[in-house]
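All values derive from a computational prediction rather than experimental measurement.
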Protein chains: 2
Amino acid sequence: MKTRDKILLSSLELFNERGERNITTNHIAAHLAISPGNLYYHFRNKSDIIYDIFQEYEKLVDYYLDIPEDRGLTLEDLTFYLESVFDGLWSYRFFHRDLEYLLDSDPRLRQDYREFTNRCLAAIDRIFGKLAEGGIIAPQPEELRSAMSLNVWLVITNWMAFLKTAHAADAQSNLTLTELKQGIYQVLTLELPYLTPEYRERVLVLREKYRPTLPVAQDQVVRQASVAGGAR
Amino acid sequence: MKTRDKILLSSLELFNERGERNITTNHIAAHLAISPGNLYYHFRNKSDIIYDIFQEYEKLVDYYLDIPEDRGLTLEDLTFYLESVFDGLWSYRFFHRDLEYLLDSDPRLRQDYREFTNRCLAAIDRIFGKLAEGGIIAPQPEELRSAMSLNVWLVITNWMAFLKTAHAADAQSNLTLTELKQGIYQVLTLELPYLTPEYRERVLVLREKYRPTLPVAQDQVVRQASVAGGAR
DNA sequence: CTATTATTAGAGTATATACTCTAGGCAGTC
DNA sequence: GACTGCCTAGAGTATATACTCTAATAATAG
């Protein structure tokens, strides 16, 4: 593999594991056992590495969110979209963690990310439209649909942050793809009230597959205890 | 005012304006025209400053989210909760921006924040319960209610990040409390399907007050254009 | 007034970080 | 075998950052 690609791969890996803020260019070089000079031969600065990685991410999600023009969507389509989006989120999970700082330090990234968000929102919106076409959800007014899409986006992009901040008892305990995908449960919760009677049961079954298991159950216990004891 | 309090106040102000990551202890001292030594006389390290600020935040939100035991909730109560929570979010807005890093670098903070989140989730859950009691929303099964509460939490805590990353065209354009409170529109969107017929209209009117106006409207235009042009 | 304690200044430091610069190796080509 | 273009090593640097140390000044108690 080309050095350039190795740099991108290692950077992504290290960023995901320990956060962009905690990884310096020297770390990346050391991890690859190459010199800093070598790294800077391939990338002008750290921002450029991140920008490159973002563009991969963007491409991946755009590829996933390609929505057929000619037909309504099935439940399998919906599952595919949800699974794919969370897979993408997982692979590039460092990105949303330091998003604001990253956008502040790279105007290109800010611009691109803005457009990326808008494309995603539009895609979610169209998915809702096509789910209605497929008879899975009842058609909703334009205005409500776009507000719903935005809520779906908020839940999707921030589910991981929730897990990492509220869920994990310590910094070390790193989360799994399975836990991340429990976000699908939350997204489907958003859609429940809009399901057509014919599909309601089937979506409930699908949703059940992603229901949080043990870890969150423990969390619930803690919560109850805390409330009982700490109510003022 | 005591130097200690001035440090806390200035820190909060600078963190909110420019992000914790961009503000050093030397910045804070310089801003107050005191020496670094003086700052470190009052606080052992930067983490301690942040921890203190968090505790203020915690106290504020806990105070806001004190839910009456003896009665159902009115629409005025709901408005108060929503307004208050977004006010709190606004005053301590730096906090959620670098949340993951902050929790990683201070175990006390991680523990406290975890419990804080659980208290908030429990409060949202109880609000839903009391809204049902007040005849505003239809009662829902325990399980659905807690998943809904979690979604409300996700939308509330991440609405600002959305505005700052997807909405603002550049880093400088700082957002306003008014824009932030348009998050209430999103939260009420979540609740729409569960409203009782008697209250539905009134909540829709309330929601309308928070509807995003100009800025997001512009955003919509951009979005549409981008989709039309960039669809692959 | 004196002794003690609380507060402050300000120079200084160890470490980290992003990045540069120079010299050289290596593969292919004429 | 010399030339060329790509790649790499590694020492080095300017700046920043969190924090320390000492000495001096204000505040307070007896």
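- In this structure, Arg93(B) has no salt bridge (Lys or Arg N to Asp or Glu O under 4.0 Å) partners at least two apart in sequence or on a different chain.
- Helix bend of the helix from dC1(C)-dG30(D) to dC30(C)-dG1(D): the angle between its two end axes, each built from five pairs, comes to 10° after rounding to 10°.
- The side chain to side chain contact (heavy atoms under 4.5 Å, CB included) search around Val152(A) returns Ile124(A), Phe128(A), Ile156(A), Val187(A), Leu190(A), not counting sequence neighbours.
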For nucleotides 25-28 of chain C, give me every protein contact, N/O to N/O, under 3.5 Å, one pair per line with atom names.
none

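- Within the structure, salt bridge (Lys or Arg N to Asp or Glu O under 4.0 Å) pairs that include any residue of residues 25-54 of chain A comprise Arg4(A)-Asp52(A), Glu20(A)-Lys46(A), Arg44(A)-Asp48(A), Asp48(A)-Arg108(A) (at least two apart or interchain).
- Distance NE2 (His42(B)) to P (dA9(C)): 9 Å, rounded to an integer number of Å.
- Residues passing the side chain to side chain contact (heavy atoms under 4.5 Å, CB included) test with Thr24(A), sequence neighbours excluded: Asn26(A), His27(A).
- Residues passing the side chain to side chain contact (heavy atoms under 4.5 Å, CB included) test with Asp5(A) are Met1(A), Lys2(A), Leu8(A), sequence neighbours excluded.
- For the residue pair Glu115(A) and Gln111(A), a side-chain donor N or O sits within less than 3.5 Å of a side-chain acceptor on the partner.
- Without hydrogens or angle criteria, Asn158(A) side chain to Leu154(A) main chain gives a donor-acceptor distance under 3.5 Å.
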> What one-letter contact string describes nucleotides 12-29 of chain D from 5' to 3', where B marks a base within less than 4.0 Å of any protein heavy atom, S marks contact via sugar-phosphate atoms alone, and - marks no contact?
Replying inline: -----SBBBB--------
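- Following rounding to the nearest Å, Arg4(B) (CZ) and dT8(C) (P) show an atom-to-atom distance of 13 Å.
- Partners of Thr117(B) by side chain to side chain contact (heavy atoms under 4.5 Å, CB included), not counting sequence neighbours, listed by chain and number: Phe162(A), Ala166(A), Tyr113(B), Leu121(B), Trp153(B).
- For Lys181(A), the salt bridge (Lys or Arg N to Asp or Glu O under 4.0 Å) test picks out Glu83(A), Asp87(A), with sequence neighbours left out.
- Dashed line: the shortest gap from a side-chain N or O of Tyr41(A) to OP1 or OP2 of dC7(D) is under 4.0 Å.
- Residue contacts shown for Ala29(B) are absent, as no nucleic acid heavy atom lies under 4.0 Å away.
- Phosphate proximity of dG10(C) to Ser35(B): absent, as no side-chain N or O sits under 4.0 Å from OP1 or OP2.
- Taking the salt bridge (Lys or Arg N to Asp or Glu O under 4.0 Å) definition, one finds that Glu76(A) meets it with nothing, sequence neighbours left out.
- Shown here are the ring-ring contact (aromatic ring centres under 6.0 Å, His included) partners of Phe54(B), two or more places apart in sequence or in another chain: Phe95(B), Phe116(B).
- For Thr3(B) and dT7(C), the shortest distance from a side-chain N or O to OP1 or OP2 is not below 4.0 Å.
- Atom CZ in Phe43(A) sits about 15 Å away from atom C1' in dT8(D), given to the nearest Å.
- Nucleotide dG10(D) holds its C1' atom 14 Å from the CG atom of Leu39(A), rounded to whole Å.
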